[in-house]
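Within every chain, numbering begins at 1; the chains are lettered A, B, ... in the order of the sequence lines, protein sequences first and strands thereafter.
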Amino acid sequence: MRYWLMKSEPDDVSIDDLAAMPNQTVAWYGVRNYQARNFMRDQMEVGDLVLFYHSSCREPGIVGIARVSRKAYPDETQFEVGGHYHDPKSSRDKPRWFNVDVQLTRKTRLMPLAEMRHIPGLETMMVLQRGNRLSITPVDPKHWALIEKLL
DNA sequence: GCCAACGTTGGC
DNA sequence: GCCAACGTTGGC
């Protein structure tokens, strides 16, 4: 069982949007970065735990805990011609992009990015590293324990 | 809106 | 295969 941090723009899918979904579950569509895709496709298992993170917004930070509820399968949005996530180089025979499903475990308080940067022991967390832009990053169990204790 | 950082693309 | 140009991410 692994731990992850997954970024979502609240204008797209917020923690409240997730809470309002049927089964409080959402397909993590739209990832178009190979490293992030590989994490989902090759490493994520049902039951893995996820820090749900709001990015590109007024108060970026962790807002909830979720779990992987379905293993990776082809991201439907890559086939939607004219859609924002359409990939003309992909096909149903050879899909390029994959997503897992993520189900809400619980909403938490907002733990802002600025606070995370000041938590002793979190300095090496991947999402806090300079220049990091990956929307999906593995979380060290020690980092997870530190964060969960403070949520 | 700015811009640092980094990934991707495409000409050669 | 190199690398300049370009696009995107995402905090501030």
Contacts of type ring-ring contact (aromatic ring centres under 6.0 Å, His included), residue [X], not counting sequence neighbours:
X: A/H54; value: A/F52
X: A/F98; value: none
X: A/Y29; value: A/Y85

For nucleotides 8-12 of chain C, give me every protein contact, N/O to N/O, under 3.5 Å, one pair per line with atom names.
{"residue": "C/dT8", "atom": "O2", "partner": "A/R133", "partner atom": "NH1", "Å": "2.5"}
{"residue": "C/dT9", "atom": "O3'", "partner": "A/R133", "partner atom": "O", "Å": "3.3"}
{"residue": "C/dG10", "atom": "OP1", "partner": "A/K7", "partner atom": "NZ", "Å": "3.0"}
{"residue": "C/dG10", "atom": "OP1", "partner": "A/R133", "partner atom": "O", "Å": "2.7"}
{"residue": "C/dG11", "atom": "OP1", "partner": "A/Y53", "partner atom": "OH", "Å": "2.9"}
{"residue": "C/dG11", "atom": "OP2", "partner": "A/S56", "partner atom": "N", "Å": "3.1"}

Inset, instruction - To the nearest Å, give me how far apart CZ (A/R96) and C1' (B/dG7) are. - result: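 Nearest whole value for this atom pair: 14 Å.
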Please report, to 0.1 Å, the donor-acceptor pairs under 3.5 Å made by any side chain of residues 15-23 of chain A, with sequence neighbours excluded.
{"residue": "A/D16", "atom": "OD1", "partner": "A/K107", "partner atom": "NZ", "Å": "2.6"}
{"residue": "A/D17", "atom": "OD2", "partner": "A/S14", "partner atom": "N", "Å": "2.9"}
{"residue": "A/D17", "atom": "OD2", "partner": "A/S14", "partner atom": "OG", "Å": "3.2"}

Could you go through residues 56-65 of chain A and list every donor-acceptor pair under 3.5 Å that involves a side-chain atom there, pairing it with any protein atom two or more places apart or in another chain?
none

